[in-house]
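Quick notes on the structure that follows.
Below, chain A is the first sequence line, B the second, and so on; all start at residue 1. Side chains are part of it too, since the values below use all heavy atoms of this structure and drop only hydrogens, waters and symmetry mates.
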2 protein chains.
Amino acid sequence: MKAPWVSIESFPLHLGEEVVVKGWLANKRSSGKVAFLIVRDGTGFAQATGAVGEFFTRSELKEMAKVPLQSSIILQGVVRKDDRAPGGYELALSHFQVVAEAEDYPIQNKEHSVEFLLENRHLWLRSQKPHAVLRIRNQVIMGLHQFLQENGFTLIDPPILTPAACEGTTTLFELDYFDLGKAYLSQSGQLYMEAAASAFGKVYCLAPTFRAEKSKTRRHLTEFWMLEPEAAFFDWQDNMELQEQLVSFVVGRILDSCQEELATLERDLTPLTKIKTPFPRISYEQAIEILKAKGFSAEWGDDFGGDEETAISEEFDRPVFIHHYPAQIKAFYMQPDPDDTRLVLNDDLIAPEGYGEIIGGSQRIHDYQLLKNKLEENNLPLEAFQWYLDLRKFGTCPHSGFGLGIERMVAWISGIHHIREAIPFPRQIYRIYP
Amino acid sequence: MKAPWVSIESFPLHLGEEVVVKGWLANKRSSGKVAFLIVRDGTGFAQATGAVGEFFTRSELKEMAKVPLQSSIILQGVVRKDDRAPGGYELALSHFQVVAEAEDYPIQNKEHSVEFLLENRHLWLRSQKPHAVLRIRNQVIMGLHQFLQENGFTLIDPPILTPAACEGTTTLFELDYFDLGKAYLSQSGQLYMEAAASAFGKVYCLAPTFRAEKSKTRRHLTEFWMLEPEAAFFDWQDNMELQEQLVSFVVGRILDSCQEELATLERDLTPLTKIKTPFPRISYEQAIEILKAKGFSAEWGDDFGGDEETAISEEFDRPVFIHHYPAQIKAFYMQPDPDDTRLVLNDDLIAPEGYGEIIGGSQRIHDYQLLKNKLEENNLPLEAFQWYLDLRKFGTCPHSGFGLGIERMVAWISGIHHIREAIPFPRQIYRIYP
């Protein structure tokens, strides 16, 4: 076939042209004289129509109608506008070639259990909804890069193999590292980003992180991707401004660039169009009051679970910052509030619609002695953290940063229930295949 | 200080304006009446000049001259053009504030051992050369994303925790995974990209990969980042075209956007300006001939080491493809050459100037039975690879892809000798700190 190979996504640019499409047969029906094929090529789904006449005999059309679903095919034809066709365009076929016939495809057009679908994730990716979610994920990640790069942040990849834990020691994956003893899979790149912020000013990483947590909730994975910006000379309020700008930028980008994917997912767009700065800010204490008023038995010092986060988020039409948590329920490195050292200068950003925490951020302790005390209080090995303490010896400054969970962000924007569907190959405590 | 906080990088946009800079004291000298400070803020280095007069008394200037190097400082002043100043601009100081004085800084303006510098990598990042290399790394990575996104590739993150080895089983990091037995750190995302290519057409990942290799060469790390594009319906020649376009695009972007960094590294730009498509292509057999003519004892079936790669690359002024290697020295998944099944449809891309292999790519086996045979020949567990075999059952098609080593690419473009300096926090068999 001699016509140019184009993507289905680009059909609007090729109206009236003869083009080649390479893809897979996603669906089909036939009226005897006309075969309607739905072809997918990874960029979209399109209808291709073959008719008895100039290009196909009746028996060729019969053969075409027999080709099994998911077979790889190459088509040639003219791109035509057709409002009745899915996507609004169709390909009027002149050539049809089967590259390889598929065997009986395990995923049928019926209800399958999620377990079955996850076991077949390598195939399930081809279905319309997973495909749409991961196209949104691609745009979310590129949007995060774009915003941070345009705002002077440098991407600094963190190490994954680390000599010590960053948050808690009970949820670490450990492995043998040659003659150096144990190494641990990173739970966060933050500490390394703090070092990099003293060298590059504003930095971020976007990397896999690991938690050997036995949680089975819809918000947990053992392996997930996290965006972690860190900025020197940023205080906790600068930090929140950065977060709301970043989140609203990315949501805006998805509304612009992923209309088809959002439609496939039947995502209600109304809540997303409301995601504009500034986001509301409430203190931890105010959050406790909201919960009490709603009948929760919340007391000062409690951490919030999914239900509490959902109840709070229902009070607002956009993400809400909760700041000034009690130090006792937060990580050792957070800067105490100078006005009330029981509290820290942190924030959690809670997504609307019950999607829970998508960001956790804070100003970091920049005083050497205070940080050393905190490490000791938390029984963390000073030796492994010496380099981290060093940062407070040589030109320390107030600095802040945050971690944004990619899968939680994607699940929220896509409107899907469980974050395992927001990552291509999810890892859970009972799943490491495929 | 009330003036706007700006980056040193943006000085050309603020000529004649009063601005604030927040950063660290990188160097200083004083003539008694004038203090010349070199300040760095992560985006660049600039000279700031304080003079006895309107803004500073003689004793204030004396104090200023005593501030230790690497102290965090906030400056205010007017941006002026000064061709004698490093970078071409200087800040005429009106305010000077020390945020935190640094203790005696371990990295002095003298020769340190690389071991010492790597042990202090968290501080060494602040020095001009490491800073320049990692700014180039940032631009390389963003250039790779940009090219691939503009060419219709979707970013699909691969899993890091995997149930089986992709290449060789002797160099795997293994760990306990709950009740599921052993898990292994990914050596490559390729197999997963092949699954994704059947769903998205053209995909790529950019993720950390791990090899528990005991190699101590300047081209090896135990943890490194790899770009792995994969495209359905691409044959081995399409694959090479994609590679040369990608590499020449990124080199062009670096020449445009990192002039200052390349100058800091004293990188000879002449070889980089020659990196234009098409790149030369030679067969493995031709490569053997070149080596023999240069006095190497190379025989058909030998793999090439660093010396051989350098000798071959010296014959060309741009990266060179070597294709059609013997199957016996390449990975199990490579498509045999239909004209000579002793060979595979692969390519290695060898960088100029002795930087060795930066890309390894191939067309993949798309036939079910052939792939199954290869897995068995290589004693790989069929069960763990069932999902990978599945891809050949349900709409298989010719497809190709490659792996590009980020650190090798950055080392080459930056002109640095050892790839450990091309990653922020290198991991080697004897190094996991900081």
Side-chain angles (χ1 to χ4, degrees), chain A residues 7 22 24 41-43 70-72 99-100 102-103 105 122-123 125-126 131 134-135 138 141-142 145 149 152 154-157 159-161 163 173-175 177-178 180 183 192 195-196 198-202 208 223 225 233 387 390-391 393-397 423-425 427 429 432-434, chain B residues 7 22 24 41-43 70-72 99-100 102-103 105 122-123 125-126 131 134-135 138 141-142 145 149 152 154-157 159-161 163 173-175 177-178 180 183 192 195-196 198-202 208 223 225 233 387 390-391 393-397 423-425 427 429 432-434:
Chain A
S7 66
K22 304 184 182 188
W24 295 267
D41 73 344
T43 74
Q70 294 302 324
S71 297
S72 45
V99 177
E103 297 183 20
Y105 192 61
H122 54 295
L123 303 175
L125 296 175
R126 306 175 181 190
H131 184 262
L134 295 179
R135 295 252 296 179
N138 174 64
I141 291 177
M142 295 321 297
H145 279 303
Q149 293 281 333
T154 301
L155 176 70
I156 297 289
D157 293 313
I160 307 301
L161 296 168
F173 286 111
E174 72 171 32
L175 46 86
Y177 195 81
F178 305 105
L180 299 181
Y192 293 95
S198 293
F200 297 86
K202 297 193 276 189
E223 175 181 323
W225 286 67
F233 301 103
W387 68 270
D390 267 4
L391 307 176
K393 274 191 192 170
F394 307 111
T396 191
C397 66
I423 189 167
F425 297 94
R427 295 299 181 239
I429 69 170
I432 196 172
Y433 179 94
Chain B
S7 65
K22 304 185 183 185
W24 296 267
D41 73 344
T43 73
Q70 295 301 326
S71 297
S72 45
V99 177
E103 297 183 19
Y105 193 61
H122 54 296
L123 304 175
L125 295 176
R126 307 175 180 190
H131 183 263
L134 294 178
R135 297 253 295 178
N138 174 64
I141 291 176
M142 296 320 297
H145 279 302
Q149 294 279 334
T154 301
L155 177 70
I156 297 290
D157 293 314
I160 307 300
L161 296 168
F173 285 109
E174 71 170 34
L175 46 85
Y177 195 79
F178 305 106
L180 298 181
Y192 294 95
S198 292
F200 297 87
K202 297 193 277 187
E223 176 182 322
W225 286 67
F233 301 102
W387 67 269
D390 267 5
L391 305 176
K393 275 192 195 168
F394 306 111
T396 191
C397 67
I423 190 167
F425 297 94
R427 296 299 182 237
I429 68 172
I432 196 171
Y433 179 94

Rounded to the nearest 0.5 Å, how far apart are OG1 of A/Thr43 and CZ of A/Arg135?
-> 6.0 Å

Under 4.5 Å to a heavy atom of chain B? For A/Glu103 that would be both

When heavy-atom pairs shorter than 4.5 Å are enumerated against chain A, which of B/Thr396, B/Leu155, B/Asp157, B/Asp390 gives the highest number?
-> B/Asp157

Any idea how A/Phe178 and B/Phe173 line up, ring-wise: parallel (<30°), tilted (30 to 60°), or perpendicular (>60°)?
-> perpendicular

Minimum heavy-atom separation for B/Pro163 to A/Arg427, with atom names?
-> CD-NH2, 4.2 Å

Look at the aromatic rings of B/Phe233 and A/Trp24 and report parallel, tilted or perpendicular, splitting at 30° and 60°.
-> tilted

Against chain A, work out which of B/Leu161, B/Thr154, B/Asp41 has the most heavy-atom pairs shorter than 4.5 Å and name it.
-> B/Leu161

Top contributor to chain A interface from B/Pro159, B/Ala195, B/Ala102 [non-hydrogen pairs under 4.5 Å] = B/Pro159

Might you point out which heavy atoms bring B/His122 and B/Pro434 nearest each other, and give the distance in Å?
-> ND1-CG, 3.9 Å

Relative to chain A, which of B/Cys397, B/Gly201, B/Ser198 shows the most heavy atom pairs under 4.5 Å?
-> B/Ser198

Most heavy-atom pairs under 4.5 Å with chain B, out of A/Lys22, A/Glu174, A/Gln70, belong to A/Lys22

Which portion of A/Ile141 sits near chain B, non-hydrogen atoms under 4.5 angstrom = side chain

At what distance, to the nearest 0.5 angstrom, does CD1 of B/Ile156 lie from CZ of A/Phe425?
-> 8.0 Å

How many angstroms lie between CD in B/Gln149 and CE in B/Met142, if you round to the nearest 0.5 Å?
-> 9.0 Å

Please work out whether the ring planes of B/His131 and A/Phe200 are parallel, tilted or perpendicular, with thresholds of 30° and 60°.
-> parallel

Scored by heavy-atom pairs under 4.5 Å with chain A, the best of B/Leu125, B/Ile429, B/Leu175, B/Leu391 is B/Ile429

Heavy-atom proximity to chain B below 4.5 Å, by part of A/Pro208 = side chain

When A/Ser7, A/Ala196, A/Pro424 are compared by non-hydrogen pairs under 4.5 Å with chain B, the top option | A/Pro424

Most heavy-atom pairs under 4.5 Å with chain A, out of B/Leu180, B/Leu134, B/Ile423, B/Val99, belong to B/Leu180

Please state whether the side chain, the backbone, both or neither of A/Ser71 comes within less than 4.5 Å of a heavy atom of chain B.
-> backbone

